[in-house]
Structures are given as C-alpha cells and as structure tokens.
Chemist: 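Submitted below is the structure of interest, expressed as structure tokens.
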Amino acid sequence: MDSHAHSVRTRHFSVSPVSLALCVLILAWITACHKSPPPPAPKPSPRNAELALAEGVKFLLQRQAEDGAWRSEYYATFRDGTALTPLVLLALQYAHDSGYDSAELSQAIQQGIDFLARFVDKQGLIQEPQDGFDYPVYTASLAIRVLSHRSAASRAKEQSAWIRYLRERQLTEKLGWRTEDKAYGGWGYCRLIPYKPAPDKFAPPLVESNLSATVFALDALAAARALDETTRRAAATFLRRCQNEDGGFHFIYDDPVRNKAGLASSEPLRFHSYGSTTADGLRGLVYCDFAEDKLRRVQAADWLNRHFDARQHPGQYAAAHESNRNAVYYYYLASITQTWAQCSPLFSGLEVRRKEIAVALAEQQHPDGGWSNPLSLVREDETLVATPLAIVALSLCLAQSN
C-alpha cells in the first residue's frame with residue numbers, strides 16, 4: 001500500500017454547521033416522501049342487537065303498501081300479498097312483544113290484520129283469490145298466529161274462518177287417507193284440498209305431507225288453542241316418520257331433492273338430518289305431547305345441542321347439496337329460537353347461544369335495515385322473506401335474554 005493511499009484513508013474531515021443543517025433537511029424530506037401509508041379507517045362497528053331490531057322493523061314498515069299488505073318486487077308468487085303479509089305481521093308482533101313499540105308499529109299491524117280479514121266473507125268462510133293462494137297452508141297458519149295475538153283480540157270471526165280452512169287440509173281419514181299411508185297426518189303444499197287420489201287417477205301437484213307445512217299448522221292451532229287430540233295424534237304419526245335414527249329430522253319421505261341435506265343411503269332409503277327440520281320436528285313433537293315420544297324429543301334436542309351453529313345451517317350434507325347449505329339459514333334461526341322458547345328445559349347454554357345468534361344477525365344486517373340470503377333456493381334472497389325470519393329470531397333472543 002503506498003503512502004498516498006494511507007494518508008487519504010486516515011485523513012479526518014470537518015463538516016460546517018451549514019452543511020449539517022442541509023443534510024438534516026434533505027433526510028427529513030426523503031423520510032416524508034417515503035413514509036408508510038396511513039392505516040385503513042376502522043370498519044363501522046356492527047349494530048347491537050337492539051338497534052338491529054329497531055332498524056329491521058323500520059325497514060319492514062317502510063315497505064307496507066297502502067292496503068296493508070307486503071309484496072315482493074321480484075317473485076311473482078309473492079306479489080299478491082297473501083304469502084308475505086302474515087309472515088311480516090308475525091315478525092312485527094314478535095318485535096312488539098320483545099319490547100320494541102311505537103305508534104307506527106301498532107298502526108301497521110292493524111292495517112295488515114285488516115288486509116287478512118278481507119279474505120273472510122259474511123258467512124265466516126275464506127274466499128280465495130281468483131287463482132287461489134300460492135301457499136295455502138303457510139298463509140292460513142301464519143294468519144291464525146297473527147289473529148291469535150292480543151293485537152287481534154277483536155278478530156275471533158276471522159280467526160275461526162282461517163282455523164276451519166286449515167283443518168280441511170290435514171291428510172286424514174276425512175280426505176281418504178289411512179294411517180299406513182306415508183303422507184297420513186300431515187299437511188303439504190297442495191293448492192287444492194288434498195284428497196287421496198284414486199289408484200287410477202293422477203295426484204294433484206304437491207299433495208303429499210311435508211314436515212315444514214305440518215309444523216306451521218301445529219304452531220297455528222296451538223297458538224289458537226285449537227289443537228285437539230285427534231289432530232295431534234294424526235300429526236304425530238307423520239312426524240315420527242320424519243325422524244332419523246340419530247335423533248334429527250328430514251323434510252319429506254322418498255324425495256332426495258327436497259330434503260335439503262340430501263340422500264344418506266339408497267338401500268335402505270335414508271336422508272341426512274339437518275338443523276331447520278330437526279328444530280321443526282322437535283317443536284311438532286312437543287305440541288303433540290304424547291308420552292311415548294319422550295325419548296324422541298330428548299334425542300332431537302340432543303341432536304340440536306350437538307350441532308348448534310349460529311353462523312351456518314348445521315347438518316351433514318351430501319356433497320351435491322353442500323353449496324346450498326345456508327339456503328335455509330334464516331328459516332333455521334327462526335325455527336330454533338321458537339323451539340327453544342317452546343321447550344327450553346331440553347337445552348343447555350341457551351343464554352350464550354341466543355347471544356351468538358343476536359351478534360350474528362346484527363353483523364349480517366344490511367345498511368338499509370334488511371337481511372337477505374345470497375342463495376335463492378328457498379327465496380331467502382327476497383328481503384321480505386329473510387328480514388321477517390331474522391326479526392323473529394332476534395326478537396326471541398332479546399326477549400328471553402332480558
């Protein structure tokens with residue numbers, strides 16, 4: 001190494017105050033230009049359960065027509081108001097009973113009841129629309145429940161008319177059915193009175209019983225204190241046929257499509273249990289109230305305890321049905337909360353589970369106050385279907401927690 005190089009490497013340099021200040025300014029400018037972006041703005045916190053209920057009620061009130069009905073803008077079968085109006089009214093009554101009250105709510109309920117009363121003639125009979133009811137058992141069952149509420153105390157005539165109409169549609173001996181028939185004892189979706197077809201005749205569409213329609217009918221008759229032993233015994237016969245060995249329930253016999261969770265085995269023919277049907281089935285067995293079904297009730301409650309989920313519809317689904325698991329999510333929440341209210345001693349941890357449902361619903365609520373399902377299989381993508389179901393569940397969670 002030569003002496004010049006050594007002298008360069010060991011030389012000390014002095015920096016003037018002006019140069020130092022300039023360096024500091026340059027570093028500050030560089031830092032400012034390259035600093036990290038600001039953190040994202042925090043997401044708005046979800047509504048609490050009480051506010052979610054209030055906003056949901058407001059959403060429904062804003063969508064009531066001048067004649068007192070609620071109608072869909074998207075589904076033709078929901079446009080005459082006969083399917084949606086009693087469902088919305090039931091939800092509003094639940095909201096009222098949970099503590100939400102306003103003059104506007106009371107007025108809306110009365111206007112909706114007036115709409116349902118228009119289908120009862122002077123003789124106390126139900127006069128169907130020209131094309132009939134699209135969902136006669138659901139419409140009748142929900143109308144009976146609405147008319148059994150204290151807000152409809154002066155509507156005994158209308159209530160009786162709907163009860164008579166519903167009773168005419170139970171598949172029993174008076175319509176030609178026998179206990180050995182798989183459809184015996186329940187209710188279904190048929191738009192006509194479901195007489196048993198003669199062996200050489202075609203059956204009308206949807207004549208067979210199913211679990212959902214059957215439990216809706218039992219809900220209604222129980223609310224009206226019109227559930228006699230003959231009706232209960234026939235209904236229990238059908239309910240037992242829908243219960244699986246694991247304690248859970250399926251929707252209907254012999255139908256891999258309409259049983260939402262799909263086929264469990266083909267030989268013997270068995271269907272998977274799932275949450276909405278099991279909640280329905282247990283509630284139906286409780287209404288029927290036969291001592292010989294005690295173990296069935298315990299097993300159904302045990303299935304629901306083991307499979308409870310506040311954020312998705314529970315049950316073992318066949319692979320081909322998995323994509324539609326949550327299509328009945330809001331129906332499931334409304335059903336299980338009603339079942340808890342009907343037979344709470346059979347369940348554990350209900351306070352925590354009700355809170356989980358309330359939190360989930362508050363988080364899922366849309367900014368306009370409604371709820372909807374991204375899946376369309378059972379029309380929960382219609383906000384006037386999903387929102388009333390959500391309000392029923394939320395109202396029951398709040399009422400039982402207070």
Chemist: Would the number of heavy atoms belonging to other residues, nucleotides or ligands and lying under 6.0 Å from NZ of Lys58 be above 12?
Modeler: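 At most 12 heavy atoms, drawn from other residues, nucleotides or ligands, come within 6.0 Å of this atom.
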Chemist: For a quick test of reading the model, state the closest non-hydrogen atom pair linking Ala279 to Thr339 and the distance between them.
Modeler: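 Nearest pair, atom of Ala279 first, then Thr339: O-OG1, 2.9 Å.
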Chemist: Which residues satisfy the side-chain contact (heavy atoms from CB on, under 4.5 Å) test with His313, sequence neighbours excluded?
Modeler: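 For His313, the residues satisfying side-chain contact (heavy atoms from CB on, under 4.5 Å) (neighbours in sequence not counted) are Tyr274, Ser276, Tyr317, Arg325, Asn326, Val328, Tyr332.
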Chemist: Counting only heavy atoms not in Glu180, do more than 12 sit closer than 6.0 Å to its CD atom?
Modeler: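 Yes.
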Chemist: Quick one: are Val57 and Leu92 in side-chain contact, heavy atoms under 4.5 Å?
Modeler: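 The answer is yes; the side chains approach within 4.5 Å.
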Chemist: Working note: Ser151 + Gln110, criterion side chain to side chain donor-acceptor pair (under 3.5 Å); need CA distance, chi angles, decisive distance, verdict.
Modeler: CA-CA 8 Å; Ser151 60; Gln110 292 306 316; 4.7 Å; no
Chemist: Fit a plane to each ring of Tyr135 and Phe78, take the angle between them on a 0 to 90° scale, and name the class: parallel (under 30°), tilted (30 to 60°) or perpendicular (over 60°).
Modeler: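 Tilted, since the angle between the ring planes falls between 30° and 60°.
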Chemist: Are Asp381 and Tyr75 side-chain neighbours, meaning at least one heavy-atom pair lies under 4.5 Å?
Modeler: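 Side-chain contact under 4.5 Å: yes.
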Chemist: Count the heavy atoms belonging to other residues, nucleotides or ligands that lie under 6.0 Å from CD of Glu245, then report whether that count exceeds 12.
Modeler: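 No, the 6.0 Å shell around CD holds no more than 12 heavy atoms from other groups.
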Chemist: Side-chain contact test, heavy atoms from C-beta onward, threshold under 4.5 Å: evaluate it for Pro388 versus Leu90 and give yes or no.
Modeler: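 No, too far: nothing below the 4.5 Å cut-off.
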Chemist: Any non-hydrogen side-chain atom of Ile113 less than 4.5 Å from a side-chain atom of Glu158?
Modeler: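 Not in contact.
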Chemist: Which is it for Glu292 and Arg233 under the salt bridge (charged side-chain N to carboxylate O under 4.0 Å, His left out) test, yes or no, and what are the steps along the way?
Modeler: CA-CA 11 Å; Glu292 59 263 38; Arg233 192 164 294 282; 3.8 Å; yes
Chemist: Is any side-chain heavy atom of Arg240 closer than 4.5 Å to a side-chain heavy atom of Gln243?
Modeler: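 No, side chains not in contact.
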Chemist: Only one of Leu239, Leu282, Leu221, Leu218 passes side chain to side chain contact (heavy atoms under 4.5 Å, CB included) with Tyr287; say which it is.
Modeler: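 Going through Leu239, Leu282, Leu221, Leu218 one by one, the side chain to side chain contact (heavy atoms under 4.5 Å, CB included) with Tyr287 is satisfied by Leu218 alone.
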Chemist: For the backbone of Thr231 and the side chain of Asp228, can you confirm whether one donor and one acceptor N or O come within less than 3.5 Å of each other?
Modeler: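 Checked: pair present.
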Chemist: Should the ring pair Tyr189 and Phe251 be called parallel, tilted or perpendicular, given that the plane angle runs from 0 to 90° and is split at 30 and 60?
Modeler: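 Geometry flag for Phe251 against Tyr189: tilted rings.
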Chemist: Indicate the atoms forming the closest heavy-atom contact of Gly112 with Leu89, along with that distance.
Modeler: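 Where Gly112 meets Leu89 most closely, the heavy atoms are C-CD1, 3.5 Å.
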Chemist: Looking at residues at least two apart in the chain, or sitting in another chain, which of them share a salt bridge (Lys or Arg N to Asp or Glu O under 4.0 Å) with Arg79?
Modeler: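 Checked Arg79 against salt bridge (Lys or Arg N to Asp or Glu O under 4.0 Å); zero matches.
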Chemist: Pick from Thr387, Leu375, Asn373: which one makes a side chain to side chain contact (heavy atoms under 4.5 Å, CB included) with Glu380?
Modeler: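 Passing option: Asn373.
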Chemist: Does Thr383 use its side chain to pair, donor to acceptor, with the backbone of Trp371 at less than 3.5 Å?
Modeler: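 Side chain of Thr383 to backbone of Trp371, a donor-acceptor pair under 3.5 Å: no, none is there.
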Chemist: As an exercise, state the distance from CZ of Phe238 to CD of Gln170, rounded to the nearest 0.5 Å.
Modeler: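 Between Phe238 CZ and Gln170 CD, I get 11.0 Å after rounding to 0.5 Å.
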Chemist: Take Leu361 and Tyr330, measure what side chain to side chain contact (heavy atoms under 4.5 Å, CB included) needs, and give me the verdict at the end.
Modeler: CA-CA 9 Å; Leu361 286 172; Tyr330 292 106; 3.7 Å; yes
Chemist: Which heavy-atom pair separates Leu350 from Ser344 by the least distance, and what is that distance?
Modeler: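 Closest approach of Leu350 to Ser344, heavy atoms only: CD1-CB, 3.8 Å.
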Chemist: Using modelled atom types and a 3.5 Å cut-off, is there a donor and acceptor pairing between side-chain atoms of Thr278 and backbone atoms of Leu304?
Modeler: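 Not at all, since once roles are kept as given, no pair shorter than 3.5 Å links the two residues.
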Chemist: Do Asn244 and Phe249 touch side chain to side chain, with heavy atoms closer than 4.5 Å?
Modeler: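 They are not in side-chain contact.
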Chemist: Using modelled atom types and a 3.5 Å cut-off, is there a donor and acceptor pairing between side-chain atoms of Trp70 and backbone atoms of Leu87?
Modeler: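 No; zero donor-acceptor contacts below 3.5 Å.
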Chemist: For Phe216, which residues count as a ring pair (Phe, Tyr, Trp, His ring centres under 6.0 Å) partner, sequence neighbours excluded?
Modeler: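 Partners of Phe216 by the ring pair (Phe, Tyr, Trp, His ring centres under 6.0 Å) criterion, ordered by chain and then number, come out as Tyr138.
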Chemist: Would you say that more than 12 heavy atoms from the other residues, nucleotides or ligands in this model lie under 6.0 Å from the CD of Glu322, or not?
Modeler: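 Buried by this count: over 12 neighbours within 6.0 Å.
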Chemist: Measure up the Trp340 and Phe347 rings against each other and bin them: parallel (under 30°), tilted (30 to 60°), perpendicular (over 60°).
Modeler: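 Geometry flag for Phe347 against Trp340: perpendicular rings.
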Chemist: Flag the pair Val207 / Lys196 as yes when at least one side-chain heavy-atom distance between them is below 4.5 Å, and no otherwise.
Modeler: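 With C-beta onward as the side chain, the pair stays apart.
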Chemist: With sequence neighbours left out, what residues match Ala310 under side-chain contact (heavy atoms from CB on, under 4.5 Å)?
Modeler: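 For Ala310, the residues satisfying side-chain contact (heavy atoms from CB on, under 4.5 Å) (neighbours in sequence not counted) are Phe308, Glu356, Ile357.
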Chemist: Has the side chain of Thr214 got a donor or acceptor atom that lies under 3.5 Å from a matching backbone atom of Trp187?
Modeler: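 Between the backbone of Trp187 and the side chain of Thr214 there is a qualifying donor-acceptor contact (under 3.5 Å).
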Chemist: If you take all heavy atoms of Gly81 and Ala69, which pair is closest and at what distance?
Modeler: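 Scanning both residues completely, I find the closest heavy atoms to be CA-CB, 4.3 Å.
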Chemist: Counting only heavy atoms not in Tyr195 (residues, nucleotides, ligands), do more than 12 fall under 6.0 Å from its OH?
Modeler: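 For Tyr195, atom OH is not crowded (no more than 12 foreign heavy atoms under 6.0 Å).
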Chemist: In terms of heavy-atom contacts, does CZ of Phe290 have more than 12 from other residues, nucleotides or ligands at under 6.0 Å?
Modeler: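 Buried by this count: over 12 neighbours within 6.0 Å.
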Chemist: Taking everything shown except Lys157 itself, do over 12 heavy atoms lie less than 6.0 Å from its NZ?
Modeler: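 Counting other residues, nucleotides and ligands, NZ of Lys157 exceeds 12 neighbours.
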Chemist: Asp255 and Glu208: side chain to side chain contact (heavy atoms under 4.5 Å, CB included), yes or no, with the steps?
Modeler: CA-CA 11 Å; Asp255 194 331; Glu208 64 276 359; 5.5 Å; no
Chemist: Can you list every salt bridge (charged side-chain N to carboxylate O under 4.0 Å, His left out) pair that touches residues 269-291, not counting sequence neighbours?
Modeler: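 Pairs touching residues 269-291 that pass the test: Asp219-Arg283, Asp280-Arg283.
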Chemist: Determine whether Arg241 and Tyr253 satisfy the following criterion, side chain to side chain contact (heavy atoms under 4.5 Å, CB included), listing intermediate values before the conclusion.
Modeler: CA-CA 8 Å; Arg241 290 189 173 118; Tyr253 53 87; over 6 Å; no
Chemist: Do any N or O atoms from the side chain of Ser395 and from the backbone of Ser98 form a donor-acceptor pair under 3.5 angstrom?
Modeler: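 Between the backbone of Ser98 and the side chain of Ser395 there is no qualifying donor-acceptor contact (under 3.5 Å).
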Chemist: Would a distance-only check, ignoring hydrogens and angles, find a side-chain to backbone donor-acceptor pair under 3.5 Å from Asn259 to Ala261?
Modeler: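 No: the side chain of Asn259 does not pair with the backbone of Ala261.
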Chemist: Can you name the nearest heavy-atom pair linking Val120 to Ala161, along with the distance?
Modeler: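 Taking Val120 first and Ala161 second, the nearest heavy atoms are CG1-CB, 3.7 Å.
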Chemist: Verify, without hydrogens or angle tests, whether Glu55 (side chain) and Gly370 (backbone) share a donor-acceptor contact under 3.5 angstrom.
Modeler: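 Here the side-chain-to-backbone pair does not exist.
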Chemist: Between the side chains of Arg191 and Asp131, is the shortest nitrogen-to-carboxylate-oxygen separation below 4.0 Å, so that they form an ion pair?
Modeler: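 No, no charged N to carboxylate O under 4.0 Å.
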Chemist: So, using salt bridge (Lys or Arg N to Asp or Glu O under 4.0 Å) as the criterion, who are the partners of Glu128 when residues are at least two apart?
Modeler: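 Salt bridge (Lys or Arg N to Asp or Glu O under 4.0 Å) list for Glu128, sorted by chain: Arg169.
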Chemist: Go through the steps for Gln338 and Leu396 under the test side chain to side chain contact (heavy atoms under 4.5 Å, CB included), then give the verdict.
Modeler: CA-CA 7 Å; Gln338 290 178 82; Leu396 283 168; 3.6 Å; yes
Chemist: Is it the case that atom NZ in Lys201 sees more than 12 heavy atoms from other parts of the structure closer than 6.0 Å?
Modeler: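 Count not over threshold, so no.
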Chemist: If you define the side chain from C-beta out and look only at heavy atoms, does anything of Leu394 sit under 4.5 Å from Leu333?
Modeler: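 Of all side-chain heavy-atom pairs linking Leu333 with Leu394, none is under 4.5 Å.
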Chemist: Could you go through Arg306 and Asp302, starting from their C-alpha distance and side-chain angles, then the distance that decides it, and tell me whether this counts as salt bridge (charged side-chain N to carboxylate O under 4.0 Å, His left out)?
Modeler: CA-CA 6 Å; Arg306 288 184 289 109; Asp302 179 63; 2.8 Å; yes
Chemist: Has the side chain of Asn210 got a donor or acceptor atom that lies under 3.5 Å from a matching backbone atom of Ala213?
Modeler: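 The answer is yes, because a donor-acceptor pair under 3.5 Å joins these two groups.
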Chemist: Hey, is the main chain of Ala183 close enough, under 3.5 Å, to the side chain of Asp181 for a donor-acceptor pair?
Modeler: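 No, because the side chain of Asp181 does not come within donor-acceptor range (under 3.5 Å) of the backbone of Ala183.
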Chemist: Can you name the closest pair of heavy atoms from Ala318 and Gly262 and give their distance?
Modeler: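 Taking Ala318 first and Gly262 second, the nearest heavy atoms are CB-CA, 4.2 Å.
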